[in-house]
Amino acid sequence: MSEWLQCIGCERRFEASEIRYTCDCGELVNVERDAMPDRNLFDARLSSRRTIDKSGVWRFREAVLNVDEREIVTHPEGSTRLYERGGIFFKHEGENPTGSFKDRGMTVAMTQAKRLGARAVACASTGNTSASLAAYAAQAGLRAIVFIPAGKVASGKLAQTLAYGATALHIRGDFDAAMQLVREASDRLGIYLVNSINPFRIEGQKTIVWELLQDLEWNAPDWIVVPAGNLGNTSAFGKALREAFDAGWITTMPRLASIQASGANPFYRSYREGFTTRHRIAAETIASAIRIGDPVSHRKAVNAIQVTNGIVEQITDEELMLAKREIDEMGIGCEPASATTLAGVKKLRAAGVMRDGERIVCVLTGHLLKDTDAIMRNVPSERTIEIDATMDAVKRALTGA
Ligand code: F0G
């Protein structure tokens, strides 16, 4: 099976072994391949005990990356749970090894980095990509450098990133400034860039969708709902669905719903204008993971919405924090950005866009413990009661007597 890079604009092709994130015409590139296997192959691997088959990414390897098995850098990752609560499915990508969906793309990008002989890898990040990069670089034996917006990353994510051994450059600016800077630095300093602008990241993240389809025994849901920030996931989901449909793995096409925070909504603004304009804004939201005003994968994400007859919605910080509390109180939990999904579902149901009886899968992108500050600001104060170490005090606290 052969693989190549292909411009999403002019369709020019490049070798897969070339270090390239964009075409000479300026558009992004995708990884494309000439054949897809039968889905039964993936189902057969579910009973295997081999690490490579247990990885929810590499179980789909023929459709992810054509590579010698011995070259694969895998934790393993993926194989996350699909919960059903209150008639909605939740695919919990916070159950990946570093607590976010980023591990799915990182295992592929890091495998490619090693094949290309990279010595150092870098990304700009709101925290999850940096934690994932640091963990996989540690495994691969590569130097990890992360560009993060100073003071704007949740403490759990920053601690993880440093603990795994990365060097953190705290950029005095927002995520979008860090993103621009890391692109330039990678070009000039010969560092391999593993943001989702890297097409191999997208190949790994496709498996979120394929795995949830497999969880549902390939009965496609009506909707797949995903938070939207830098738009890597939206892009990956669109590509995954197109490929699954073309390969005959599913016979109906789910609709994608990409949800943005209203203070960080450049993609929503474009959607409302029929994608005639690409917006760049100064972003602000409590969901620091998606505080992004100039998403790099804009054009790929537009394709994703169009190919799935999808929609883009926005919700307020209040709506997303309310939804987060609901998800937390189901005993599942997620970080704020992930809760945009349930908040979006509620809004879209109220508007009659999503109808009763439709099967909906929300993708929870990050673990509850990633952002504990957001929790402590959000839980009702009556849940925390400090008392003397006496039985009387316990009784008083629990019964009010
Ligand atoms: N949810 C979480 C928990 C994230 O960390 C991110 C992105 C998203 C959703 C949005 O996904 O960018 O593919 O649209 N986090 C990046 C990071 C930007 O640096 O960790 P997207």
Side-chain angles (χ1 to χ4, degrees), residues 56 75 77-106 125-135 148 152-164 205 208 211-212 215 224-230 233 259-261 264 285-292 315-346 360-385:
H75 258 53
E77 50 291 304
S79 299
T80 57
R81 275 166 283 247
L82 182 71
Y83 299 94
E84 188 181 359
R85 296 288 185 277
I88 300 175
F89 292 99
F90 296 92
K91 179 73 171 164
H92 207 328
E93 289 298 303
E95 295 178 353
N96 273 289
T98 76
S100 84
F101 72 94
K102 305 288 182 180
D103 296 341
R104 297 217 189 222
M106 205 53 73
S125 181
T126 55
N128 280 325
T129 305
S130 59
S132 183
L133 175 150
I148 57 174
K152 301 290 187 189
V153 170
S155 56
K157 302 175 185 180
L158 180 56
Q160 260 188 308
T161 302
L162 299 174
Y164 296 137
Q205 285 171 211
I208 301 170
E211 191 175 273
L212 77 82
D215 292 336
I224 297 177
V225 190
V226 63
N230 214 17
N233 244 2
I259 317 294
Q260 295 210 290
T285 164
I286 194 169
S288 58
I290 52 173
R291 197 182 282 146
I292 296 170
I315 45 91
T316 64
D317 278 5
E318 291 69 34
E319 288 168 325
L320 82 87
M321 287 312 281
L322 193 68
K324 172 178 155 51
R325 228 159 93 178
E326 286 180 37
I327 295 166
D328 290 353
E329 290 174 6
M330 291 171 190
I332 295 177
C334 64
E335 68 165 282
S338 309
T340 54
T341 53
L342 181 60
V345 167
K346 293 206 279 184
I360 300 169
V361 182
C362 291
V363 176
L364 303 179
T365 45
H367 196 276
L368 174 80
L369 292 174
K370 286 281 193 174
D371 190 349
T372 51
D373 292 342
I375 302 171
M376 297 315 280
R377 284 195 302 266
N378 202 37
V379 287
S381 58
E382 62 269 22
R383 282 194 203 155
T384 312
I385 310 169

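These figures come from a predicted structure and were not determined experimentally.
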Exercise for review: Using the salt bridge (charged side-chain N to carboxylate O under 4.0 Å, His left out) rule, collect all pairs that involve residues 79-94, keeping only residues at least two apart or in two chains.
Suggested key: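 Salt bridge (charged side-chain N to carboxylate O under 4.0 Å, His left out) check on residues 79-94 returns R81-E95, K91-E211, K91-D215, E93-R104.
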Review point. According to the salt bridge (charged side-chain N to carboxylate O under 4.0 Å, His left out) rule, which pairs have a member within residues 332-342, sequence neighbours left out?
Key: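 Pairs touching residues 332-342 that pass the test: K157-E335.
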Practice item. Identify, with sequence neighbours excluded, every residue that meets side chain to side chain donor-acceptor pair (under 3.5 Å) alongside H75. Key: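 Applying side chain to side chain donor-acceptor pair (under 3.5 Å) to H75 gives Q139.
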Check your understanding: Would you say E319's side chain and T316's backbone share a donor-acceptor pair under 3.5 angstrom?
Key ->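 At least one qualifying donor-acceptor pair exists.
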Point to revise | Any donor-acceptor pair under 3.5 Å from H367 side chain to H92 backbone | key: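 Judged by distance alone, no pair lies under 3.5 Å.
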Point to revise | Residue pair P227 / N233, side-chain heavy-atom distance below 4.5 Å | key: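 No, side chains not in contact.
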Point to revise | Working for side chain to side chain contact (heavy atoms under 4.5 Å, CB included), residues E77 and M106 | key: CA-CA 10 Å; E77 50 291 304; M106 205 53 73; over 6 Å; no
Point to revise | side chain to side chain contact (heavy atoms under 4.5 Å, CB included) between V361 and L82, intermediate numbers included | key: CA-CA 9 Å; V361 182; L82 182 71; 4.1 Å; yes
Review point. Given F90 and M330, is the side chain to side chain contact (heavy atoms under 4.5 Å, CB included) satisfied, shown in steps?
Key: CA-CA 11 Å; F90 296 92; M330 291 171 190; 3.9 Å; yes
Review point. Between K324 and D328, is there a salt bridge with N-O shorter than 4.0 Å?
Key: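 Yes.
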Provide the closest heavy-atom pair for [X] versus [Y] in the form atom of the first, atom of the second, distance.
{"X": "S338", "Y": "G366", "value": "OG-N, 2.9 Å"}
{"X": "T285", "Y": "A264", "value": "CG2-CB, 4.0 Å"}
{"X": "G229", "Y": "I290", "value": "CA-CG2, 3.9 Å"}
{"X": "I148", "Y": "S125", "value": "CG2-O, 3.5 Å"}
{"X": "V363", "Y": "T341", "value": "O-CG2, 3.5 Å"}
{"X": "R325", "Y": "N378", "value": "NH1-O, 3.2 Å"}

Check your understanding: Does any donor atom in the side chain of K102 or Q205 lie under 3.5 Å from an acceptor atom in the other side chain?
Key ->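 Side-chain D/A pair, K102 to Q205: absent.
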Could you tell me the separation between the [atom1] atom of [X] and the [atom2] atom of [Y], rounded to the nearest 0.5 Å?
{"X": "T129", "Y": "N230", "atom1": "OG1", "atom2": "CG", "answer": "8.0 Å"}
{"X": "L342", "Y": "I327", "atom1": "CG", "atom2": "CD1", "answer": "4.5 Å"}
{"X": "F89", "Y": "L212", "atom1": "CZ", "atom2": "CG", "answer": "10.0 Å"}
{"X": "S79", "Y": "N96", "atom1": "OG", "atom2": "CG", "answer": "9.0 Å"}
{"X": "D103", "Y": "T98", "atom1": "CG", "atom2": "OG1", "answer": "3.5 Å"}
{"X": "L320", "Y": "I286", "atom1": "CG", "atom2": "CD1", "answer": "7.0 Å"}

Practice item. Walk me through it: do C334 and T365 pass the test side chain to side chain contact (heavy atoms under 4.5 Å, CB included)? Key: CA-CA 8 Å; C334 64; T365 45; over 6 Å; no
Review point. Which of these passes side-chain contact (heavy atoms from CB on, under 4.5 Å) with S288: D371, D373, V153?
Key: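 Among D371, D373, V153, the one that satisfies the side-chain contact (heavy atoms from CB on, under 4.5 Å) with S288 is D371.
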